[in-house]
S.K.: 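The following block contains the structure, expressed as structure tokens.
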Amino acid sequence: MTKDELSFDEFDEANDPRPEMTGFDKVVDQAFSRRGFLGGVMTFGLGSFLVGTTSIHPANAAEDRFGFAQVAANTDDTVTVPEGFDWEVLVQWGDPLWSDAPEFDEATRGTASSQKSAFGDNNDGMSFFARDGRNIMVVNNEYTNRKIMWGNRPENKPQTDDDVEKGLMAHGVSIFEVVKEGAHWRVVLDSDLNRRITPQTAMELVGPAAGHDLLKTAADPFGTRSFGTWNNCGNGETPWGTYLACEENFNGYFSSSDPNLERTAQQQRYGINLKDWGYGWVRIDERFDIAKHSNEPNRAGYVVEINPFDPTSTPRKHTALGRFKHENAEVVIANNGQAVVYMGDDERGEFLYRFVSDEVHSTTGDNRNLLSFGQLFVAKFHDDLTGEWLALTPETTGMSDAEIRVFTRQAASAVGATTMDRPEWVAANPTKTEAYVALTNNKNRGMKPNNGGDETSVNGPNPRTENQYGQIVRWVPENEDHTSTLFRWSLFALAGNPDVHTDAYAGSPNINSGNMFNSPDGMSFDTIGRLWIQTDGKYSNDGDFAGMGNNQMLVGDTATGEIRRFMVGPKECEITGLCWSSDRQTLFVGIQHPGEKGGSHFPNGADTVPRSGIVAVTRNDGGQIG
Ligand code: FEO
Ligand code: CA
Ligand code: CA
């Protein structure tokens with residue numbers, strides 16, 4: 001199978017096969033019956049973990065916190081929103097950001113030159129910033145689908161150096177000003193704030209590992225600079241007005257000119273392989289050859305801080321926040337002023353992390369170094385509904401501080417962190433001291449160890465073997481303090497299919513035939529404490545996934561546990577990335593890779609190339625959306 005037929009995870013695993021776990025007792029999950037947690041009769045099992053979701057009550061008009069009627073699942077090749085709402089496309093892949101760049105060319109799908117001046121592909125995490133009467137959007141462009149990017153070429157492969165460079169330029173971050181005219185937002189061409197950050201943009205490496213030998217390369221013998229960012233998945237934003245782009249599956253762009261190269265244990269843990277995913281970047285840039293530049297991969301896999309209001313600023317890669325397949329970076333300011341950043345490492349059996357800054361946040365001063373120095377922790381969940389943050393220090397890990405920040409996965413394994421079902425976005429509730437993480441799915445749970453050999457038996461927050469549906473876990477820090485090392489946790493939702501299963505795979509009580517979904521991924525809170533949940537899952541609408549339709553976005557009431565579907569995306573897309581205009585009248589939502597298997601023409605209709613993009617959702621009455 002090729003990369004196009006496999007997820008990033010599956011492709012990496014095919015390169016680094018993991019041994020089957022032996023002696024695992026499947027009886028454990030069979031004991032977790034749906035009846036058990038509905039009836040609350042179990043002393044150990046899902047019932048005891050489902051705190052706060054046991055009193056689901058249908059919302060009535062008086063106490064309805066949703067403000068919309070649920071949308072039914074469907075497999076239409078369009079966006080569906082509730083009655084009383086509307087949507088339109090704001091920007092799509094290949095749309096120029098400057099007026100001297102050409103419009104998207106359906107026949108060629110662009111060139112390196114046009115792509116460099118246009119909105120990137122496969123938009124993911126994004127933020128909306130307002131200052132001095134101007135509004136800008138900052139959007140990650142995570143990756144590109146070969147079938148779509150090079151759909152005009154034989155076998156959908158890049159043929160020329162320009163083809164390769166076009167794909168490279170479709171990655172990174174797009175920054176552009178937007179303006180509201182009447183009820184509609186549009187991109188401001190030629191704004192002095194518009195900027196494309198690409199895999200070639202010069203960046204600074206900062207924090208405890210900056211200057212370390214592990215980061216020194218031919219391109220930068222000092223280990224303090226890096227070139228570019230790619231595979232930026234989820235995002236974060238800081239109270240001081242900067243944007244955080246999170247580097248996720250950074251590994252698949254490297255390859256080796258030596259077919260017999262012995263990879264290091266560190267390279268194997270991070271999925272750095274002898275072959276790339278077919279993007280061919282090494283053809284135009286030698287630093288992607290690990291046989292020649294073995295430290296190059298050590299300069300990727302970070303959280304990148306970008307000042308969106310200064311297009312000349314140098315983005316900064318924060319080694320303090322660790323190196324792994326970063327999903328998003330959820331920043332909260334703790335009661336004492338320290339910045340806390342929650343982060344997931346999205347790979348089967350990897351971990352959930354927390355960073356706590358050394359310094360405190362200043363509302364008037366310079367927070368430039370706040371994320372550069374601080375303590376990194378990893379989560380350990382106990383089955384009695386408690387948990388703790390384990391500090392990653394030289395004493396606990398046997399590694400130097402710089403090594404901890406570069407080979408963070410090994411550090412977390414060393415302290416015995418809890419292996420998780422692919423941690424995706426973390427969202428912190430702005431109205432309450434609590435946070436949520438989407439654990440998207442993990443077919444290897446209970447079956448295979450993670451890539452570092454850590455066993456992955458079922459555990460409290462990851463209670464089902466061969467978990468194809470995913471779950472959302474919530475934790476409440478002790479003393480309502482995000483810097484506490486202790487927390488209590490519960491399951492907010494176990495996704496599942498109650499039409500197909502009667503056991504734990506039916507899902508938690510707040511999942512029903514009307515709202516079911518699989519593979520929660522993007523998540524964000526609105527201002528009134530409702531949790532918006534986006535999915536990146538199976539859209540076959542068949543078998544275990546029958547009745548779920550296309551990928552979707554739902555809203556969860558974290559007080560009652562009720563979940564209601566708000567949006568259904570077009571065919572073969574993922575819904576990912578969301579942000580609100582400052583007047584809260586527009587909700588921007590990312591539609592990523594419609595037609596990734598060739599079955600969509602979203603958004604422009606028949607005979608057009610399917611294109612990722614951002615849709616602007618509004619209420620017909622002009623009211624606020626969260
Ligand atoms: Fe890019 Fe974990 O999703
Ligand atoms: Ca994601
Ligand atoms: Ca995803």
Side-chain angles (χ1 to χ4, degrees), residues 1-20 112 143-147 149-150 153-171 199-200 213-221 223 226-231 247-301 323-325 346-350 403 406-407 409-410 444 448-453:
M1 299 243 280
T2 66
K3 169 68 194 72
D4 277 357
E5 290 157 322
L6 300 170
S7 69
F8 292 125
D9 246 24
E10 288 162 347
F11 188 83
D12 289 345
E13 201 175 313
N15 278 299
D16 282 310
R18 297 164 203 179
E20 301 285 334
Y143 69 106
T144 189
N145 300 80
R146 292 189 311 183
K147 265 190 182 136
M149 177 64 56
W150 299 297
R153 298 299 198 194
E155 296 177 56
N156 305 326
K157 287 181 177 163
Q159 300 292 297
T160 64
D161 285 0
D162 194 77
D163 284 351
V164 172
E165 194 184 349
K166 173 177 73 166
L168 182 144
M169 287 298 166
H171 288 68
Q200 294 174 338
D213 284 350
L214 286 167
L215 300 181
K216 293 176 182 167
T217 67
D220 172 35
S226 171
F227 291 97
T229 185
W230 55 90
N231 213 289
E247 298 179 336
E248 190 187 24
N249 292 290
F250 64 90
N251 56 310
Y253 301 81
F254 294 95
S255 57
S256 170
S257 54
D258 173 2
N260 301 313
L261 182 76
E262 284 280 329
R263 291 177 301 151
T264 64
Q266 287 88 354
Q267 287 172 336
Q268 290 181 40
R269 181 69 185 268
Y270 284 87
I272 312 294
N273 277 301
L274 303 185
K275 289 186 177 163
D276 76 351
W277 291 329
Y279 293 132
W281 288 7
V282 74
R283 177 169 165 169
I284 58 169
D285 193 341
E286 188 192 277
R287 67 196 164 104
F288 292 97
D289 183 349
I290 58 169
K292 293 178 181 155
H293 304 285
S294 58
N295 278 350
E296 272 293 340
N298 296 343
R299 305 203 295 175
R323 174 171 167 268
F324 43 89
K325 293 184 178 177
D346 179 9
E347 187 151 3
R348 299 188 182 97
E350 291 295 341
E403 287 169 339
V406 179
F407 302 126
R409 286 182 164 182
Q410 284 90 338
N444 290 349
K448 293 179 180 178
N450 71 8
N451 212 10

S.K.: Any idea which heavy atoms bring Ser257 and Asp289 closest together, and the distance?
M.R.: OG-OD2, 2.6 Å
S.K.: Look up atom NZ in Lys147 and atom CG in Asn145, then write down how far apart they are to the nearest 0.5 Å.
M.R.: 9.0 Å
S.K.: For residues Trp150 and Asp163, determine if any side-chain heavy atom of one lies less than 4.5 Å from a side-chain heavy atom of the other.
M.R.: yes
S.K.: Quick check: does any side chain N or O of Asp220 sit under 3.5 Å from a backbone N or O of Ser226, one acting as donor and the other as acceptor?
M.R.: no
S.K.: If we only count heavy atoms from C-beta on, is the Pro297 to Arg323 side-chain gap below 4.5 Å?
M.R.: yes
S.K.: Going through the distances and angles, do Arg263 and Asn273 end up as a side-chain contact (heavy atoms from CB on, under 4.5 Å)?
M.R.: CA-CA 8 Å; Arg263 291 177 301 151; Asn273 277 301; 2.8 Å; yes
S.K.: Tell me, do Gln200 and Leu168 make a side-chain contact under 4.5 Å, heavy atoms counted?
M.R.: yes
S.K.: Return the OG to NZ distance between Ser256 and Lys292, rounded to the nearest 0.5 Å.
M.R.: 9.5 Å
S.K.: Can you tell if the side chain of Glu247 reaches within under 4.5 Å of the side chain of Asn231, non-hydrogen atoms only?
M.R.: no
S.K.: How long is the straight-line distance from NZ of Lys216 back to CG of Asn295, given to the nearest 0.5 Å?
M.R.: 10.0 Å
S.K.: Consider only side-chain N and O atoms of Tyr253 and His171, and report whether a donor and an acceptor are under 3.5 Å apart.
M.R.: yes
S.K.: Please tell me if the side chains of Asn251 and Lys325 come closer than 4.5 Å, counting only heavy atoms from C-beta onward.
M.R.: yes
S.K.: Can you see which heavy atom on Met149 is nearest to which on Ala170, and at what distance?
M.R.: CE-CB, 3.5 Å
S.K.: Within the side chain of Tyr279, is there an N or O that forms a donor-acceptor pair under 3.5 Å with the backbone of Thr144?
M.R.: yes
S.K.: Identify the heavy atoms of Asn298 and Phe407 that sit nearest to each other, and give their distance.
M.R.: OD1-CE2, 3.8 Å
S.K.: Between Trp230 and Phe288, is a ring-ring contact (aromatic ring centres under 6.0 Å, His included) present by the stated rule, with each step listed?
M.R.: CA-CA 12 Å; Trp230 55 90; Phe288 292 97; 5.2 Å; yes
S.K.: Assess the side chains of Asn444 and Glu13: does a donor N or O sit below 3.5 Å from an acceptor N or O?
M.R.: yes
S.K.: Could you walk me through whether Trp277 and Asp12 satisfy the side-chain contact (heavy atoms from CB on, under 4.5 Å) test, starting with their C-alpha distance in whole Å, then the side-chain angles of each, then the deciding distance to 0.1 Å, before giving a yes or no?
M.R.: CA-CA 9 Å; Trp277 291 329; Asp12 289 345; 3.4 Å; yes
S.K.: For the atom pair CZ (Arg153) and CZ (Arg146), what is the distance rounded to the nearest 0.5 Å?
M.R.: 15.0 Å
S.K.: With the side chain counted from C-beta on, respond yes when Phe254 and His293 share a heavy-atom pair under 4.5 Å apart, and no when they do not.
M.R.: no
S.K.: Would you say Lys166 and Pro158 make side-chain contact, with heavy atoms under 4.5 Å?
M.R.: no
S.K.: Write down the atom of Gly280, the atom of Val164, and the distance for their closest heavy-atom approach.
M.R.: O-CG1, 3.4 Å
S.K.: So which atom in Lys157 and which in Gln159 form the shortest heavy-atom distance, rounded to 0.1 Å?
M.R.: O-NE2, 3.1 Å
S.K.: Measuring only between side-chain heavy atoms, which start at C-beta, is Phe227 closer than 4.5 Å to Glu296?
M.R.: no
S.K.: Starting at OG1 of Thr217, measure out to CZ of Arg287 and round the result to the nearest 0.5 Å.
M.R.: 8.5 Å
S.K.: Check the pair Leu261 / Ile290 against side-chain contact (heavy atoms from CB on, under 4.5 Å), numbers first and verdict last.
M.R.: CA-CA 9 Å; Leu261 182 76; Ile290 58 169; 3.7 Å; yes
S.K.: Arg409 and Arg269: which non-hydrogen atoms are nearest, and at how many Å?
M.R.: NH1-O, 2.7 Å
S.K.: Can you tell me how far apart CD (Glu165) and CH2 (Trp281) are? Round to the nearest 0.5 Å.
M.R.: 11.0 Å
